[in-house]
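Reading through the structure tokens given below for one structure.
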Amino acid sequence: MSELRFPDNFRWGAATAAYQIEGATRDDGRGPSIWDTFSRTPGKVHQGQTGDVACDHYHRFADDVELMAELGLSAYRFSVSWPRVQPDGTGPINPRGLDFYDRLVDALLGRGIDPIVTLYHWDLPQTLQDRGGWVTRETAEHFAGYAAAVHGRIGDRVASWTTLNEPWCSAYLGYGNGVHAPGIQDPGAAFTAVHHLLLGHGLAARALRTAGAGTVGITLNPADVRPADPDSAADAAAVRLVDGLQNRIFLDPLFRAAYPVDVLEHIARIVPPAFIRDGDEKLIATPIDLLGVNYYTPTYVAGRPDGAGGGGAFPGTDGAVEFLPPTGPLTDMGWMIEPAGLTRMLERLAADYPGVPLLITENGAAFPDRAGAEGVGADRTEAEGAGPVADTDRIAYLDAHLRAAHTAIARGVDLRGYLVWSLLDNFEWAEGYRKRFGIVHVDYLTQRRTPKASARWYQEVISRNGL
Ligand code: FCB
């Protein structure tokens, strides 16, 4: 294969999220989050696993930063746990919670790694959920207060800020189909949550700007939505509907200060959109400097009157859309592998929402990694396998997606960097510990970290700034 070089100053990094790696859920005054509650609810998470210990990163962050430095990362995207910083989501700030992020930022900077902070990666303080969570407008206001508090402590050293991670998941999986915390199944609540998440983003972005933050952005998981049959008008209509519910519902208010008319009509068929108040869309469109995109897999749909739809994850698509089962080689998540979808998505964002630089804030794959002869299974309970993990399937996935990203750059997309998901094997939400996304293997019994072959491969990519 040909050699590819990335632009000078291209950022190479890795991403994680607080609840997935930190553990220490009861240390130093942290309050409970909706994921603590949800993971303790029988039947919600694989084998009832929780983030109580996870990768114990809270206590091992210094070693983890050393590992990042060894791999040559120039950027590290982590999330701040809201209930660690503000146990009730409103009211008193917990300085000991902020101490942790203060130390982490210093450790990163000390090794020349640029911290990229995500303020909300799904771990809402339980107290706020008890008051309605993202269905309640006040949550958006509390979020801005929390954002300002975090900036007040580490804003002197952190240049890059991301408000939300994948609000599509928070809203539709949290309140629509209930697969994620807080586990609510109510299509109207899902749309209400979309709006309040976006409002929270706008209010936080404004607060961060006022406080002097350098780069402010948001991370979405835009879908590359494809028709089953490119020549079918019915399939094109299905694409438009699904694109509206996953992409334009976020992108249009963010970059055009208005929800799309067809999406508003769709919402109104499910819930009166009285929660959208005058001025909200303008706030949501507070200018941002960077759009983070997470990409894993494409979405194929067909227009069918008897289509099962996407359930609560795509409210109102039943009787209109059939989501096609994934085909071809799949990852351990059952996700289809289609690197061209990344190129298409980046080009589409650049064309339809021009002027904002893009950063791939997540891309990666779970595979049933085998270590040594014994193999490393997936769960917390099994003994450690011997030897490094030869994850050639992950290397192939990453290589193909980096080539796809490079194609987009060559076609003029302003892509600033790539962050692999994830640095470490971690708590994969409802899947618990059985899905491994890390380029570094974690033995959950000993907390030993072992770079997989993909980590060494990535190290080489970074040092060459190319493939
Ligand atoms: C994304 C999440 C991230 C991780 C990956 C696999 O949707 O942002 O936390 O779970 O999927």
Side-chain angles (χ1 to χ4, degrees), residues 13-23 33-35 38-39 44-46 49-51 54-55 57 76-82 116-124 162-174 176-177 179-181 194 197 201 217-224 246-247 250 291-299 310 313-314 326 330-337 341-342 345 359-369 378 391 393-394 397-398 401 418-440 442 454:
T16 62
Y19 191 74
Q20 296 181 273
I21 65 163
E22 284 180 3
S33 82
I34 55 175
W35 271 95
F38 188 73
S39 60
K44 298 299 184 189
V45 174
H46 173 69
Q49 294 165 350
T50 73
C55 306
H57 173 74
Y76 173 55
R77 171 182 183 245
F78 62 93
S79 82
V80 173
S81 159
W82 187 351
I116 301 177
V117 169
T118 300
L119 285 163
Y120 185 72
H121 201 127
W122 307 353
D123 46 355
L124 187 74
T162 305
T163 54
L164 308 174
N165 175 72
E166 299 191 3
W168 181 86
C169 292
S170 301
Y172 294 92
L173 305 185
N177 70 6
V179 164
H180 280 183
V194 165
L197 281 154
H201 155 80
I218 184 171
T219 282
L220 302 178
N221 56 324
D224 173 51
Q246 184 154 356
N247 299 330
F250 296 103
L291 175 61
V293 294
N294 295 351
Y295 176 83
Y296 291 93
T297 190
T299 304
F314 290 92
L330 308 180
T331 71
D332 198 29
M333 295 293 278
W335 295 346
M336 191 169 163
I337 302 173
L342 176 59
M345 194 187 76
L359 177 69
I360 296 174
T361 38
E362 287 181 27
N363 173 249
F367 286 107
D369 299 325
D391 55 343
D393 35 16
R394 183 172 291 102
Y397 180 99
L398 298 176
H401 285 77
Y418 176 92
L419 312 179
V420 67
W421 184 272
S422 183
L423 178 71
L424 305 171
D425 289 335
N426 60 47
F427 176 80
E428 177 48 34
W429 309 112
E431 300 292 343
Y433 295 92
R434 70 173 151 171
K435 304 295 180 190
R436 292 180 177 270
F437 274 91
I439 57 170
V440 174
V442 176
S454 58

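Every number for a ligand or one of its atoms is a count from 1 in the order of the listing. As the structure is a computational prediction, the values presented were derived from the model and not from experiment.
- Contact atoms of ligand 1 toward H121: 2 (C), 3 (C), 8 (O), 9 (O) (distance under 4.0 Å to a heavy atom of the residue).
- Under a 3.5 Å cut-off, the side chain of T163 and the backbone N or O of I218 do not form any donor-acceptor pair.
- Proximity to N165 (heavy-atom distance under 4.0 Å) selects the following atoms of ligand 1: 8 (O).
- Of all atoms in ligand 1, numbered sequentially from 1 with element shown, those under 4.0 Å from a heavy atom of W421 are 3 (C), 4 (C), 5 (C), 6 (C), 9 (O).
- Separation of the Y19 and W82 ring centroids does not fall under the 6.0 Å cut-off.
- Every atom of ligand 1 is numbered from 1 in the order shown, and the set under 4.0 Å from a heavy atom of W429 is 3 (C), 4 (C), 9 (O), 10 (O).
- Taking E166 as the reference, N294 meet the side chain to side chain donor-acceptor pair (under 3.5 Å) condition, with sequence neighbours excluded.
- Ligand 1 has no nitrogen or oxygen under 3.5 angstrom from a nitrogen or oxygen of W335.
- A donor-acceptor pair is defined here as one N or O able to donate and one able to accept, closer than 3.5 Å; no such pair exists between the side chain of S79 and the backbone of T118.
- For atom 10 (O) of ligand 1, the nearest non-hydrogen atom of the protein is E428 OE1, 2.7 Å.
- The closest non-hydrogen atom to atom 2 (C) of ligand 1, taken over M333, H180, E362, K435, comes from E362.
- When only modelled atom types and interatomic distance are considered, Y418 and N363 share a side-chain donor-acceptor pair under 3.5 Å.
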**OP:** Starting from the C-alpha separation in whole Å, work towards a yes-or-no answer on side-chain contact (heavy atoms from CB on, under 4.5 Å) for V420 and R394.
**Re:** CA-CA 11 Å; V420 67; R394 183 172 291 102; over 6 Å; no

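- A donor-acceptor contact shorter than 3.5 Å is absent between the side chain of Y120 and the backbone of V80.
- Near F437, with a cut-off below 4.0 Å to any heavy atom, the atoms of ligand 1 are 6 (C).
- What sits closest to atom 7 (O) of ligand 1 on the protein, heavy atoms only, is E166 OE1, 2.6 Å.
- Protein heavy atom nearest atom 5 (C) of ligand 1, with residue, atom name and distance: Y296 OH, 3.3 Å.
- Considering backbone and side-chain atoms together, W122 places no N or O closer than 3.5 Å to any N or O of ligand 1.
- Using the six-membered ring where Trp is involved, Y397 and F367 have ring planes that are perpendicular, over 60° apart on the 30 and 60° scheme.
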